[in-house]
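Letters A, B, ... are given to chains in the order of the sequence lines, protein chains preceding strands, and every chain is numbered from 1.
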Amino acid sequence: MTVLPIATRHRSLALLTGVVVAQVLLLAVQIRAENQVRLIRVWAVSAVALAQEPYTMVVDRASSVWNGYVSLRQTRRENENLRAEISELRLRASKLESQAGEAPRLAALLEFRESYAGLPMLAARVIGSSATGGSRTITINRGRRDALAPNLGVITPEGVVGKILEVYEDTSQVLLLTDRESGVGSLLAATRSQGVVRGSGEPEAVLHYVINDETVAVGEQILTSGQDRIFPRDLPVGRVSAVQTGNPFKLIRVRPAARLDRLELVIVLLSQRGLPAAPGQEAPQPVAEQPGPREKHPPAN
Amino acid sequence: MAIRAEIEPHIEVHKYAGLHVAAAAFFALVLQTFLPRYFPRADLLELPLLVTLYFGLSRRNPSTGLLLGTAVGLGQDALSLPQPIGLYGIAKTLVGFGASSIGGRFDVDHPLSRFVLGFLFFHLHHIAFAVTRRLLLAEPQDFFGGQLLAASLVNAALAVALFPLLDRLRRPS
């Protein structure tokens, strides 16, 4: 067995102590002031994004060539058409389900698409994901040059994806619906009971603040309420996957409507305004802020 | 630029070009963010940890081992929004120091020892991460679990396959 000389060992231990203490202090500083983007984060994201984009392009191209031109030329094309059709049908089915519930909502949902036409949107390609299993973020290839800003909503035709967390020159990071820091103002489609869907760090999210007296069925659809001023109302958020009685609120698990593990293209809503309130309804109010222990982001996504 | 390994009696000397070490660490970070997009189960992998562990064990210099762990950990933190910077930095600093401190006491070229060290250091890394998260951020974090056990076995097996590839970066002594 070999032993390092005492002087060398003491020098290494002193260095270890210094480096660990410095990082603890770094953590402490961030806990107090989390709002600004750290330079090291900007450098790291920019450097990795530079490398990710060519990788993404190469893999996508290779995959496209193999699937589209060599192996499954015709089938691939049909698949793409069918997927596009399925996306459109899902959006239509989601509208129809909601319309069946209540007459005033029927009119609002019929105007859903027209109202969206007034909202500026931007398509973006997903070029990377989080470096750890603990945080749920993705990187998209749109940034400050495309007029993106923090807290803009991100969706797919299937439903809510998340919101813009940080914006860099040519890329942005999106906090997914399933991240622990995430939250979306939501309501149950059948009863219109309101709550907040929060991430749990797992593939499923949780709907909070629904009282035990409410009847909630597994499979019931959950829509955006528009209260968070990020997402327009009546966008699909997910479906109830499990319900338990809690204290004082029900414990409701939510399976996200969007396939958050297979995102390729997303849509960024370039405006934070929601749809106009329907006649007879109150104008949406922002959800009260509940800052977390180390974050100052708005609580409802 | 060459980074010199400590020369121990009866222990092989391994030297690596600094550029190769930096490139391996950077490549591990890129893959760590890139792979889960195509293979969702790839989030079990901890490539930056394996790179830190490999160079720590091979170079056997605690100072450079812990500094490499710090750099890789901070890089991983920076790519893990909204997590604050420092959690992985501290964990990988400890791994870099621990690996380089014991590197001279085992035959780290044997596949079995690589598997065992990969398994043990994965759990050491996770415990350091969980303790930091609980103490400094007051956030819940499990110490053990089925998922963690599976991840540690996968990463230990990957260490056996990956380390021979990294051995090719060694400079002839």
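- A:R125 meets the side chain to side chain donor-acceptor pair (under 3.5 Å) test with A:D60; sequence neighbours excluded.
- In this structure, A:R262 CZ and B:Y38 OH are separated by 13.0 Å, a value rounded to the nearest 0.5 Å.
- Taking all atoms of both residues into account, the shortest heavy-atom contact from A:S129 to B:T33 is OG-O, 3.0 Å.
- Heavy-atom distances place both the backbone and the side chain of B:I90 under 4.5 Å from chain A.
- Between chain B and the residues A:V20, A:V19, A:D261, the most heavy-atom pairs under 4.5 angstrom are made by A:V19.
- Dense packing is recorded around CD of A:E80, with more than 12 heavy atoms of other residues, nucleotides or ligands lying under 6.0 Å away.
- Contact of B:L87 with chain A is made through backbone and side chain together, with heavy-atom distances under 4.5 Å.
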May I have the step-by-step check of side-chain contact (heavy atoms from CB on, under 4.5 Å) for A:V24 and B:T132, ending in yes or no? CA-CA 9 Å; A:V24 169; B:T132 313; 5.8 Å; no
Quick one: side chains of residues 144-168 of chain B, donor-acceptor pairs under 3.5 Å with protein atoms, not counting sequence neighbours, listed by atom name and distance.
residue	atom	partner	partner atom	Å
B:S152	OG	B:H123	NE2	3.0
B:S152	OG	B:L148	O	3.3
B:S152	OG	B:L149	O	2.7
B:N155	OD1	B:E46	N	2.8
B:N155	ND2	B:L44	O	2.9
B:N155	ND2	B:A151	O	2.7
B:D167	OD1	B:Y54	OH	2.5
B:D167	OD1	B:R114	NH2	3.2
B:D167	OD1	B:R170	NH2	3.1
B:D167	OD2	B:R114	NH1	3.3
B:D167	OD2	B:R114	NH2	3.0

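- Nearest heavy atoms, B:L79 versus A:V48: CD1-CG2, 3.7 Å.
- Atom CG of B:L67 and atom CG of A:L15 lie 5.0 Å apart (nearest 0.5 Å).
- One distance of note links CD of A:Q23 with CG of B:D77; it measures 7.5 Å at 0.5 Å rounding.
- Distance check: A:Q173 CD to B:S80 OG gives 9.0 Å after rounding to the nearest 0.5 Å.
- In this structure, the portion of A:L263 lying under 4.5 Å from any heavy atom of chain B is its backbone and not its side chain.
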Before you tell me yes or no, could you show the steps for A:L13 and B:F97 under side-chain contact (heavy atoms from CB on, under 4.5 Å), namely the whole-Å CA-CA distance, both residues' side-chain angles and the distance that decides it to 0.1 Å? CA-CA 9 Å; A:L13 280 174; B:F97 179 78; 3.6 Å; yes
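- At most 12 non-hydrogen atoms from other residues, nucleotides or ligands lie less than 6.0 angstrom from NE2 of B:H20.
- Contact annotation: the side chain of B:F34 approaches that of A:V59 to within less than 4.5 Å [non-hydrogen atoms, C-beta and beyond].
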